[in-house]
Amino acid sequence: MFEKLDMAPADPILGLTEAFKADPNPHKINLGVGVYKDEAGLTPIMPSVRRAEEIILGREKSKTYLPISGMPEYGKVVRELLFGGDCARAVTAHTPGGTGALRVAGDFLRPQKSGKLWVSQPTWENHKAVFSTAGFEVAAYPYYDPKTKGLDFTAMLSALKAIPADDVVLLHACCHNPSGIDPTTEQWDDIAAAARSAGWLPLIDFAYQGLAEGIDDDATGVRIFAEAVDELLICSSFSKNFSLYNDRVGALTLVAADAEVAARAFSHLKIIIRRNFSNPPAHGGLIVTTIWNDPNLKTQWLGELDAMRRRIHQMRELFVATLKAKGVKQDFSFIAQQKGMFSFSGLTKEQVHALRDKYALYMVDSGRINVAGMTPDNMDCLCAAIAEVLK
């Protein structure tokens, strides 16, 4: 059987990382994979996380299985992050990363929903793969306007109003991947009103809480939806904001009309989890729970998260300024206005390949860049290379 298999194509993002690692150029730069880097170009372990791990190891007495849905204490922390306090009509399952939450959501929804699952155009590439594998037909609604480098909200809202009630719509809570463009509070109100009127089910991907404006501000869309509709699913990830990438810490939160309905729906979610991975790993969830429930560690973590967010914004501004200093005539000021780790650079596929082949500068073919991969030390050669391919 195995001899009949052809080599599968590499993942467009993770495969890029493999190519980057194999490149011998000492000046290579990776702006492809969505991982936070500090000014030294490293993905650090937060000091608050280090301290939490010390506390956890000191207390640990057993490595027995967690419940199918994970620790109740962790679920409560997730809901406090999402809603600013616990929510009586919401239940939370601990999942292996945000991707695990998305897949569990897909498997849970598919038997209940015969319609399509809608994603923004563009969206994170793996969204389409996860939900098509779960059995959904995946369609796209308008989002990014390449002419204005902004949100095409008129087209987006018009499309959302026309989506049938039996469909599911995936929305990015903040730091839209890959565009870096988020709706305003007023626009979130309109999107939620469209969902309530049309009847489709909102599924919100929340992978970057705290990296746009702050913990509470970044939850604006989630909280508006929780007030506006009876049913809602939210997929959380703590890879970025706690820098827990290899601990795979995620959550799936289900909001229903009331606590009784939520409990019934949750019983079906747990069946899906049992059939997928039985129960979640403990360590990452313990870190998040320990930090959030310790006032000193919580304050420390929020400060570290603020520093990460400020660094990303500073790199946006430095990138725009350095390109201008290199004589680039094209207007890149939109980069400084966007939020989170990602932006569309506007570079063509041909230009992206030229940057990779000539300058060992790696980004995905769409021209999406990970701003967090920029540092003061690599900015000059980065912008010089872009200036060259733009000539």
Side-chain angles (χ1 to χ4, degrees), residues 11 13-15 17 33-36 43 45-46 49 52-53 56-57 60 62-82 90-110 117 123-136 170 172-173 175 177 203-211 233-254 265-292 341:
D11 181 271
I13 296 177
L14 299 183
T17 300
V33 69
V35 175
Y36 177 81
T43 301
I45 297 175
M46 290 178 159
V49 169
E53 288 184 309
I56 291 164
L57 289 174
E60 191 172 49
S62 174
K63 291 189 179 291
T64 190
Y65 290 122
L66 293 183
I68 291 173
S69 57
M71 299 176 295
E73 300 87 352
Y74 171 74
K76 185 173 183 291
V77 168
V78 173
R79 293 190 296 276
E80 289 175 355
L81 280 159
L82 292 176
V91 286
T92 302
H94 178 180
T95 61
T99 306
L102 291 164
R103 181 54 195 267
V104 171
D107 287 348
F108 168 69
L109 290 172
R110 188 64 202 140
L117 186 137
T123 192
W124 179 47
E125 193 63 33
N126 211 26
H127 281 151
K128 301 172 187 176
V130 166
F131 289 105
S132 61
T133 302
F136 276 98
L170 189 148
H172 299 233
C175 304
N177 180 5
L203 170 63
I204 300 182
D205 191 354
F206 206 176
Y208 306 99
Q209 186 173 6
L211 288 174
L233 290 176
I234 308 153
C235 299
S236 301
S237 169
F238 299 116
S239 292
K240 275 74 176 182
N241 54 12
F242 281 85
S243 199
L244 293 173
Y245 297 93
N246 66 15
D247 282 305
R248 307 305 298 134
V249 196
L252 175 58
T253 298
L254 180 151
F266 201 52
S267 69
H268 292 270
L269 262 185
K270 288 193 286 187
I271 291 173
I272 299 296
I273 291 170
R274 176 62 171 157
R275 292 172 179 173
N276 269 282
F277 52 88
S278 281
N279 40 44
H283 190 67
L286 283 168
I287 293 171
V288 172
T289 304
T290 300
I291 289 174
W292 187 258
M341 292 170 54

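Since this is a predicted model, take the numbers as computed values, not measurements. Just so it is clear, the values below take in all heavy atoms, side chains as well, and ignore hydrogens, waters and symmetry mates.
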Is the backbone of [Y] close enough, under 3.5 Å, to the side chain of [X] for a donor and an acceptor to pair up by distance?
{"X": "Arg110", "Y": "Gly135", "answer": "yes"}
{"X": "Asn177", "Y": "Trp124", "answer": "no"}
{"X": "Thr95", "Y": "Ala251", "answer": "yes"}

Decide yes or no for [X] and [Y]: does some side-chain heavy atom of the first lie under 4.5 Å from some side-chain heavy atom of the second?
{"X": "Arg103", "Y": "Thr133", "result": "yes"}
{"X": "Pro280", "Y": "Leu66", "result": "yes"}
{"X": "Val49", "Y": "Ile291", "result": "yes"}
{"X": "Leu233", "Y": "Thr253", "result": "no"}
{"X": "Tyr36", "Y": "Lys240", "result": "no"}
{"X": "Asn279", "Y": "Ile273", "result": "no"}
{"X": "Val288", "Y": "Tyr74", "result": "yes"}
{"X": "Leu102", "Y": "Leu170", "result": "yes"}

Residue pair [X] / [Y]: nearest heavy atoms and the distance that separates them:
{"X": "Gly106", "Y": "Phe136", "value": "O-CE1, 3.7 Å"}
{"X": "Ile287", "Y": "Asp247", "value": "CD1-OD2, 4.2 Å"}
{"X": "Asn241", "Y": "Met46", "value": "O-CE, 3.2 Å"}
{"X": "Leu252", "Y": "Ala105", "value": "CD2-N, 3.9 Å"}
{"X": "Val249", "Y": "Gly285", "value": "CG1-N, 3.8 Å"}
{"X": "Ala282", "Y": "Met71", "value": "O-CE, 4.4 Å"}

Report the distance from atom [atom1] of [X] to atom [atom2] of [Y], rounding to the nearest 0.5 Å.
{"X": "Thr99", "Y": "Arg248", "atom1": "OG1", "atom2": "CZ", "result": "5.5 Å"}
{"X": "Glu53", "Y": "Glu60", "atom1": "CD", "atom2": "CD", "result": "11.0 Å"}
{"X": "Leu203", "Y": "Leu109", "atom1": "CG", "atom2": "CG", "result": "6.5 Å"}
{"X": "Leu269", "Y": "Asp107", "atom1": "CG", "atom2": "CG", "result": "10.0 Å"}
{"X": "His283", "Y": "Asn246", "atom1": "NE2", "atom2": "CG", "result": "9.0 Å"}
{"X": "Ile68", "Y": "Ser278", "atom1": "CD1", "atom2": "OG", "result": "7.5 Å"}

Indicate whether any N or O donor in one side chain lies under 3.5 Å from an N or O acceptor in the other, for His172 and Thr123.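 There is such a pair (donor and acceptor under 3.5 Å, judged by atom type) between the side chains of His172 and Thr123.
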
Ser236 and Val78: side chain to side chain contact (heavy atoms under 4.5 Å, CB included), yes or no, with the steps? CA-CA 8 Å; Ser236 301; Val78 173; 4.1 Å; yes

Any residue meeting salt bridge (charged side-chain N to carboxylate O under 4.0 Å, His left out) with Glu73, in chain and number order, not counting sequence neighbours: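 Checked Glu73 against salt bridge (charged side-chain N to carboxylate O under 4.0 Å, His left out); zero matches.
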
Which is it for Thr92 and Phe266 under the side chain to side chain contact (heavy atoms under 4.5 Å, CB included) test, yes or no, and what are the steps along the way? CA-CA 8 Å; Thr92 302; Phe266 201 52; 5.9 Å; no

Side chain to side chain contact (heavy atoms under 4.5 Å, CB included) with Ala207: which residues, sequence neighbours excluded?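 Only Asp205, Ser237 meet the side chain to side chain contact (heavy atoms under 4.5 Å, CB included) criterion with Ala207.
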
Quick one: list whatever passes side chain to side chain contact (heavy atoms under 4.5 Å, CB included) with Thr43, sequence neighbours left out.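 Per chain and number, Thr43 pairs via side chain to side chain contact (heavy atoms under 4.5 Å, CB included) with Val35, Lys37, Ser243, Tyr245.
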
Between Phe242 and Phe238, how do the two ring planes meet: parallel, tilted or perpendicular, split at 30° and 60°?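 Judged by the thresholds at 30° and 60°, the geometry between Phe242 and Phe238 is perpendicular.
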
